[in-house]
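The structure under discussion appears below in the form of structure tokens.
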Amino acid sequence: MGIETFFLQALNGLADASGLFLVAAGLSLIFGVTRIINVAHGSLYMLGSYFAYTFAMRVGGAVGFWSGIIASGLLVALIGAIIEALLLRRIYRSPELFQLLATFAVLLVINDAALWVWGPDDLLGPRAPGLSGAVEIMGRRFPSYNFFLIVVTPLVLLALHLLLKRTRFGHLVRAATQDREMVGALGINQVLLYTAVFALGSFFAGLGGALQIARDSANLRIDITIITDAFVVVVVGGMGSILGAYLAAVIIAEIKAFCIALGLVQLGGVALNFSQLTLVAEFFVMAVVLITRPYGLLGGAQAIIHAFAEPEDPIRPASWTQKAIGVVVLVLLVCLPLVNSPFALVLAVDVLVAILFAISLHFIAGPGGMHSLGHAAYFGLGAYGVALLVKWLAAPMLVALAAAPVIGGMGALLFGWFAVRVSGVYLAMLTLALAQIVWSIVYQWEDLTGGSNGVFGIWPAPPFDKPAPYFLMTTFITVVCFLMLRRFLFAPFGYAMRAGRDFPLRAEAIGINVRRVHLVGFAIAGTVCAIAGGIFAFAKGSISPETLDISSSINGLVMVLLGGLQTLIGPVIGAGVFVLLQDTVMRQTPYWHALLGGIILFLVLVFPDGIVGTVSRVAKRWTSWFPAGRKGSWE
Amino acid sequence: MLSRRPLLRLAIIGAFTFGFYETALAQQTIKIGELNSYKAAPSFLEPYRKGWQLAVEEINAAGGVLGKKFEVISRDDGGNPGDAVRVAEELVKRENVDLLTGTFLSNVGLAVTEFAGKNRVFFLAAEPLTDKIIWQNGNRYTFRLRTATYEQAAMLLPDALKAHKKRWAIIYPNYEFGQSAVAAFKDLIKAKQPDIEFVTEQAVPMGGRADAGTIMQAVDDAKPDAIFFVFFPTDLYKLVREGNIRGTFKGRYVTSVLLGEPEYLDPFKAEAPVGWAVTGYPWYAIDTPEHKTFLAAYQKRWNDYPRQGSVVGYVTMKSLAAGIARAGSTNTDKLVAAFENLKVDSPFGPFVYRASDHQSTMGAYVGKTALRDGKGVMIDFKYVDGATVLPSDEEVKKLRPAAN
């Protein structure tokens with residue numbers, strides 16, 4: 001690689017960092033003050049693109065393009081403020097996972113709204129008037145618009161820095177980032193401040209999106225693409241640090257640029273195509289940074305939040321009546337094959353697999369307090385473990401199935417070892433990064449995993465090749481896993497895990513090795529989830545990479561939250577409802593993303609405790625009104 | 001709270017739901033299960049949907065087939081193999097469809113192919129282009145309508161050989177379709193022009209994640225004489241724009257599969273590439289009576305011009321109608337037998353489904369891109385019949401281990 005190539009690719013990297021920085025800066029700002037992980041930030045970026053396109057085409061010319069960019073930013077800021085006022089204001093006190101879910105629902109709704117307004121086609125805007133050409137550097141043509149981006153981005157950084165350092169508004173923002181309760185106590189209008197910050201952050205997202213229309217088409221996919229990249233940037237740079245976001249954006253964009261520039265390289269006789277590493281590069285950087293500097297490059301430890309939620313009631317064993325009902329339900333379930341409907345069994349296996357996924361995630365996310373955003377990795381490890389054993393070693397079904405938990409458990413042990421070192425949002429991000437790395441490896445290592453096609457032809461052996469026996473086997477495994485996880489939670493181990501979640505210092509003081517307990521919890525959850533993966537692979541006969549990508553992990557969280565975090569039965573019901581809902585909603589309408597988003601929003605706003613939590617609250621009220629009729633607790 | 005009481009509810013709901021589905025009356029219609037990635041690739045698939053809807057309306061207006069009307073049960077396949085298999089299963093087991101059709105993404109098409117083979121369900125793959133559907137992973141129950149990547153590459157080959165360029169750069173989306181197209185093109189051109197050299201291969205990640213500027217810079221730096229450009233709609237526009245600004249395509253021979261299709265060429269407007277050798281669908285200039293009839297019907301029905309997807313959707317349903325009529329039933333084995341050597345009339349003229357590999361011989365238009373009235377168009381094009389570029393039946397036999 002010549003020096004010219006090196007230099008030009010470095011410039012390319014800087015230009016690519018621009019959009020990434022703008023969107024990440026807004027995200028970071030919003031997180032710093034409101035503590036909300038705003039997934040819908042990607043939608044705001046996307047809307048910025050669409051608005052700028054519309055301005056450029058409707059108004060036309062240089063005026064339409066350049067004033068359109070500013071106008072788009074402002075319009076998106078307004079939309080951001082509306083979202084904050086209508087939705088987020090209601091959930092500031094909810095658990096952070098709920099907030100994440102709510103903003104994810106907003107993303108789904110906005111995506112379908114954009115589809116409705118602008119149609120499905122990619123919309124290619126004009127090149128930037130005045131900057132449509134290229135400049136000659138070292139004998140190569142470099143787009144002049146990229147120069148503009150390279151210059152304007154640090155200027156935005158500087159302006160933002162001055163705003164935060166020199167203005168009263170900036171002081172308030174920084175104060176709220178440090179200690180938002182104190183800001184409130186000093187008589188600052190928090191409601192106004194939050195809305196303003198949200199609008200400002202949205203403005204940057206809109207601006208970032210609008211600036212891209214000279215380079216890329218406005219399309220419906222960028223929301224989810226940009227938000228994952230922006231998360232990485234924010235986490236690498238340090239939550240709430242604007243300069244850190246710039247630094248991280250540049251580092252990541254540069255690494256990608258050089259991977260592409262290197263291209264196909266012969267390393268000791270092995271051909272390695274570096275251009276394929278761009279997918280994994282950013283997550284690799286994120287994992288390394290989080291392991292070595294848990295709060296990002298320029299971030300400090302998370303500020304203390306004084307007002308934490310009411311301590312939960314401990315989980316209590318079910319009453320005898322409830323257990324008896326459970327057994328009856330189980331017996332009914334086992335009789336399901338008597339209903340002559342092949343699809344009922346297929347769907348039931350899907351539900352059971354989802355239940356396994358959800359209870360294993362609940363195990364660490366609920367009593368363990370570790371909000372994993374990468375749980376699908378263990379599901380994928382189990383599924384691919386099974387598939388590859390069958391494909392390459394022709395392993396018998398039961399052997400392969402037995403190997404799944406071992407593979408998943410080992411993976412969870414390895415990842416958990418890193419993950420338990422951090423907590424809260426950082427843990428969520430680290431698990432996400434690790435899961436994305438697994439995903440990229442599976443996706444890119446075609447010779448082994450079949451790449452995007454996945455692995456085919458993993459069919460169960462007799463007698464399990466018929467739906468009924470397979471269903472019964474799955475039911476048996478699910479019940480065993482459920483009882484096992486329950487046993488763990490009511491053993492001293494479970495209490496130690498909870499103690500580590502609620503009061504890590506006190507737990508350490510009485511001799512509990514919190515990290516080790518959490519690590520074991522992680523491994524147990526991974527093991528159970530991998531079993532689900534193995535069952536899934538045999539049930540479908542094939543496995544492909546999307547089963548372990550981020551949306552799969554998010555689906556798992558939706559199930560857990562749907563049911564409610566506070567009970568053991570919650571994730572079971574959540575998973576069942578989710579699968580049946582998906583099965584019906586997906587068939588009803590082309591706008592099923594929006595419908596799903598709407599349902600999630602409804603649940604978040606109306607049933608913040610999840611289905612089971614709500615039912616049990618209602619039941620409690622009922623029993624307190626009619627004490628005589630009280631028959632066992634719902635917990 | 002450890003009771004499994006809610007499972008009871010689930011079981012009851014489940015039992016009721018399925019009870020209803022199962023008590024469907026004796027079928028008065030032919031049930032077609034259609035699944036596609038409508039959400040993931042709307043630019044191709046919305047016109048595709050309009051195409052098959054038009055065909056179904058025509059078929060039913062003519063009284064249907066075997067005295068029964070077509071009833072299409074259409075589903076989104078989620079855009080990935082896992083969801084697609086689930087949807088296919090649902091269509092077959094719950095909706096009791098007579099056959100499956102559809103799919104767009106190559107990896108999804110492959111997964112449904114596998115499903116159809118295992119469950120012995122008739123499957124007409126509409127659009128997925130990968131050669132594996134008919135060859136390596138092909139099976140008895142799967143047929144494919146659309147011109148395969150191998151054919152597309154072979155159609156572009158004569159012109160590429162005539163240009164006789166030595167140093168080639170390759171850009172492709174890093175998933176089944178891109179890999180399949182590149183493999184076919186490399187094999188074909190190496191066989192005819194042994195001194196060829198591939199100076200860079202850019203595997204672009206899927207889903208809008210391409211760093212377009214950097215990629216085009218790297219291609220330019222490799223100083224190729226010619227570029228084989230395979231794209232996925234997501235990244236097409238930024239790649240071409242960056243390439244144009246940087247002069248990556250300037251003075252170089254560029255050839256690209258599918259770029260002449262209006263769904264991909266039209267969004268470029270005045271920035272459409274000029275002088276590229278492409279396959280595509282110049283609907284505005286095809287002068288055959290079959291196409292004129294189709295064009296008029298389509299424009300009358302939808303008040304819009306057809307895209308390549310419209311033709312694929314239209315011909316898919318017409319193929320099924322012809323096949324079912326010939327089979328005299330919707331029995332899977334009879335359908336398979338009827339589809340072998342089945343002749344179908346399409347807007348592109350008549351074609352057949354080959355018995356040897358179950359690939360249709362429907363061809364594509366090959367030509368050069370140009371700008372006319374501020375829009376990209378195809379000029380100097382000709383129709384290439386698929387039968388002229390597909391390998392012979394003997395060669396195909398060796399390529400289909402799974403089906404034999």
Self-check item: Interchain contact, Leu352(A) with chain B, by part (heavy-atom threshold 4.5 Å)
Solution: neither
Quiz item: Does a side chain donor of either Asn12(A) or Thr214(B) reach within less than 3.5 Å of an acceptor in the other side chain?
Solution: no
Exercise. Report yes if some heavy atom in the side chain of Leu45(B) is under 4.5 Å from a heavy atom in the side chain of Ser37(B); otherwise report no.
Key: yes
Exercise. Before giving the answer on side-chain contact (heavy atoms from CB on, under 4.5 Å), spell out for Arg86(B) and Asp583(A) the whole-Å C-alpha distance, their side-chain angles and the decisive distance to 0.1 Å.
Key: CA-CA 10 Å; Arg86(B) 185 188 142 82; Asp583(A) 182 63; 3.3 Å; yes
Practice problem: Mind telling me whether Tyr38(B) and Tyr48(B) have parallel, tilted or perpendicular rings, with 30° and 60° as the class edges? | Solution: tilted
Exercise. Select, from Glu201(B), Lys118(B), Gln202(B), Glu176(B), the one with the greatest count of heavy-atom pairs under 4.5 Å involving chain A.
Key: Lys118(B)
Quiz item: Would a line drawn from the ring center of Phe177(B) to the ring center of Tyr172(B) be shorter than 6.0 Å?
Solution: no
Self-check item: Pair Asn139(B)-Thr142(B), side-chain donor/acceptor within less than 3.5 Å
Solution: yes
Quiz item: For Ser542(A), is it the side chain, the backbone, both, or neither that has a heavy atom closer than 4.5 Å to a heavy atom of chain B?
Solution: side chain
Quiz item: Using a cut-off of under 4.5 Å for heavy-atom pairs, which of Ala222(B), Ala41(B), Pro267(B) has the most such pairs with chain A?
Solution: Pro267(B)
Quiz prompt | Between Arg75(B) and Asn36(B), a side-chain donor and acceptor under 3.5 Å | solution = no
Self-check item: Candidate list Asn244(B), Asp211(B), Ile215(B), Val219(B), test side-chain contact (heavy atoms from CB on, under 4.5 Å), partner Leu239(B), passing option
Solution: Ile215(B)
Practice problem: Side chain from CB out, backbone as N, CA, C, O: work out which of these in Gln212(A) comes under 4.5 Å of a heavy atom of chain B, or both, or neither. | Solution: neither
Exercise. Among Asp122(A), Ile226(A), Leu11(A), single out the residue with the greatest number of heavy-atom pairs under 4.5 Å to chain B.
Key: Asp122(A)
Quiz item: Which answer fits Tyr443(A), side chain, backbone, both or neither, if we ask what part of it has an atom under 4.5 Å from a heavy atom of chain B?
Solution: side chain
Quiz item: Which atoms of Tyr175(B) come close to chain A, meaning under 4.5 Å heavy atom to heavy atom: side chain ones, backbone ones, both, or neither?
Solution: both
Self-check item: Heavy-atom contact with chain B under 4.5 Å, split by part of Thr228(A)
Solution: side chain
Practice problem: Among Arg246(B), Lys250(B), Arg252(B), find the one that has a salt bridge (charged side-chain N to carboxylate O under 4.0 Å, His left out) with Asp220(B). | Solution: Arg252(B)
Exercise. Give a yes-or-no answer on whether the side chains of Ser180(B) and Thr149(B) include a donor-acceptor pair shorter than 3.5 Å.
Key: yes
Self-check item: Greatest number of heavy atom pairs closer than 4.5 Å to chain B - which of Pro126(A), Ala539(A), Cys259(A)
Solution: Pro126(A)
Quiz prompt | Contact winner vs chain B - Asp16(A), Leu8(A), Val346(A), Ile260(A), heavy-atom pairs under 4.5 Å | solution = Ile260(A)
Quiz item: Measuring heavy-atom distances to chain A, does Glu271(B) have an atom under 4.5 Å in its side chain, in its backbone, in both, or in neither?
Solution: side chain
Quiz item: Cation over ring, Arg307(B) on Phe44(B), under 6.0 Å and within 45°?
Solution: no
Self-check item: Short side-chain donor-acceptor distance under 3.5 Å, Glu446(A) and Asn453(A)
Solution: no
Quiz prompt | Part of Asp229(A) within contact of chain B (heavy atom distance under 4.5 Å) | solution = side chain
Practice problem: Select one option (side chain, backbone, both, neither) describing which atoms of Phe268(B) are under 4.5 Å from chain A's heavy atoms. | Solution: both
Quiz prompt | Distance-only donor-acceptor check, side chains Ser43(B) and Glu263(B), under 3.5 Å | solution = no
Quiz item: Does any heavy atom of chain A fall under 4.5 Å from the side chain of Gln217(B), the backbone, both, or neither of them?
Solution: both
Quiz prompt | Engaged part of Arg140(A) at the chain B interface, taking heavy atoms whose separation is under 4.5 Å | solution = side chain
Practice problem: Using a 4.5 Å cut-off on heavy atoms from C-beta on, say whether the side chain of Ser217(A) contacts that of Leu123(A). | Solution: no
Quiz item: In terms of side-chain heavy atoms, does Asp266(B) have a donor or acceptor partner in Tyr305(B) at a distance below 3.5 Å?
Solution: yes
Quiz item: Which one of Pro143(A), Ala134(A), Ala257(A) has the most heavy-atom pairs closer than 4.5 Å to chain B?
Solution: Pro143(A)
Exercise. Answer with side chain, backbone, both or neither: which region of Ser452(A) has an atom nearer than 4.5 Å to a non-hydrogen atom of chain B?
Key: both
Exercise. Tabulate, in ascending numerical order, the residues of residues 103-113 of chain B having at least one heavy atom closer than 4.5 Å to a heavy atom of chain A, or enter 'none'.
Key: Asn107(B), Leu110(B), Ala111(B)
Self-check item: Contacting region of Ser144(A) [heavy-atom separation from chain B under 4.5 Å]
Solution: neither
